Protein chains: 2
Amino acid sequence: MRELDINFPTCPVRNILSRMSDKWSLLVLRALQKGGVMRYKDLRNAIPDISQKMLSSTLKRLEEDCLINREMHKEIPPRVEYSLTETGKELMPALVMMIEWAREHFDVITGQQSMP
Amino acid sequence: MRELDINFPTCPVRNILSRMSDKWSLLVLRALQKGGVMRYKDLRNAIPDISQKMLSSTLKRLEEDCLINREMHKEIPPRVEYSLTETGKELMPALVMMIEWAREHFDVITGQQSMP
DNA sequence: CGGTATCCTATGCGATACTG
DNA sequence: CAGTATCGCATAGGATACCG
């Protein structure tokens, strides 16, 4: 019951929200939820317009934040598999709710003005 | 059952998520959920480190997206009240879930590395 | 295949000053 | 009180080339 801390970066809400507020993280998480265990290339196919650079850095960030697992198989050619961690999976209900909400209200939200 | 559209900006999920992925929108929505009807100054107090410029532009964007109401009372001095629309309120369960998740997993997520 | 490294630019955002 | 207007910068992110 400490509703006190509203300062960034110690406030959990501020801190975590700031990690989600980038262009690709949520989309990568969603792709992994739908795809299960996925390779780097699978993720590029799932999100065609993400650049290599951004996919790499997003994956690294998510791994550091313990939201995804990265399993490296030392073969030739190399094979790397990504999947959600338990922590990551526990975020999914909230993310799915946001996505459902987005689908339901898309027309209202985008109706009045244009998205550049 | 059209799971096909993954292109921005026509994909509802891509489109809506991109609107949420800024520094302040979710925090403003959360403040309005906790505070109910709030004036401009109330919001500045609730989020002390937001600049006037960003609060203004965030509010304008949220209003255009039909997530908040802006009610202008033509008095002197002026009084402007902000509140969540029905559409905005319907997003709250998902946002609250994300916040709960953030609180529960804050330690795990921030444990390994430092947040600059 | 699964990435880095480098360069470059658009823009999100903050600070400050001003206004009806 | 509730905002604009203006300036300036840091950085998120794209394009391209290269690597083990």
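Numbers restart at 1 for each chain; the letters A, B, ... are given by sequence-line order, proteins then strands. Quick caveat, the model's predicted, so the values are computed rather than measured.
Computed from coordinates, the A:Y82 OH to C:dG2 P distance equals 8 Å when rounded to whole Å. Protein atom CD1 of A:I76 is 13 Å distant from nucleotide atom P of D:dG20, rounded to whole Å. Per the geometry, NE2 belonging to A:H73 stands 12 Å off P belonging to C:dG3, to the nearest Å. In this structure, B:E75 places its CD atom 13 Å from P of D:dG3, rounding to the nearest Å. Remark: P of D:dA2 and CG of B:N45 are 10 Å apart, rounded to the nearest angstrom. In this structure, the CG atom of A:D42 is 12 Å from the P atom of C:dG3, given to the nearest Å. Whole-Å rounding puts the B:L55 CG to D:dT4 P distance at 10 Å. Between the CG atom of A:L43 and the P atom of C:dC1 there is a distance of 14 Å, given to the nearest Å.
Between atom CG of residue B:D22 and atom CG of residue B:L62 there is a gap of 7.5 Å, rounded to the nearest 0.5 Å. Here the straight-line distance linking atom CD of A:E104 with atom CD1 of B:I16 works out to 11.5 Å at 0.5 Å rounding. Distance check, rounded to the nearest 0.5 Å: CD1 of A:I99 to CG of A:L26 gives 8.0 Å. One distance of note links CZ of B:R103 with CD of B:E100; it measures 5.5 Å at 0.5 Å rounding.
Backbone-only engagement by A:R70 is indicated by non-hydrogen atom pairs under 4.0 Å involving sugar-phosphate atoms exclusively. Residue A:K60 is classed as a sugar-phosphate contact, given heavy-atom separations below 4.0 Å to backbone atoms only.
Residue A:R39 has no polar side-chain atom (N or O) positioned under 4.0 Å from OP1 or OP2 of C:dC1. Contact check, B:Y40 against D:dT4: no side-chain N or O comes under 4.0 Å of OP1 or OP2. Residue A:R79 has no polar side-chain atom (N or O) positioned under 4.0 Å from OP1 or OP2 of C:dG2.
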Under 4.0 Å protein heavy-atom contact, by nucleotide of nucleotides 7-20 of chain C - B base, S sugar-phosphate only: B-----BBB-B--B

Audit row: A:V28, A:L32, side-chain contact (heavy atoms from CB on, under 4.5 Å) steps and yes/no: CA-CA 6 Å; A:V28 168; A:L32 284 172; 4.3 Å; yes

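A salt bridge links B:K89 with B:E86; the closest basic N to acidic carboxylate O contact falls under 4.0 Å.
Cluster membership for B:M20 and A:M97, using ILVMFWY side-chain heavy atoms within less than 4.5 angstrom, is not shared.
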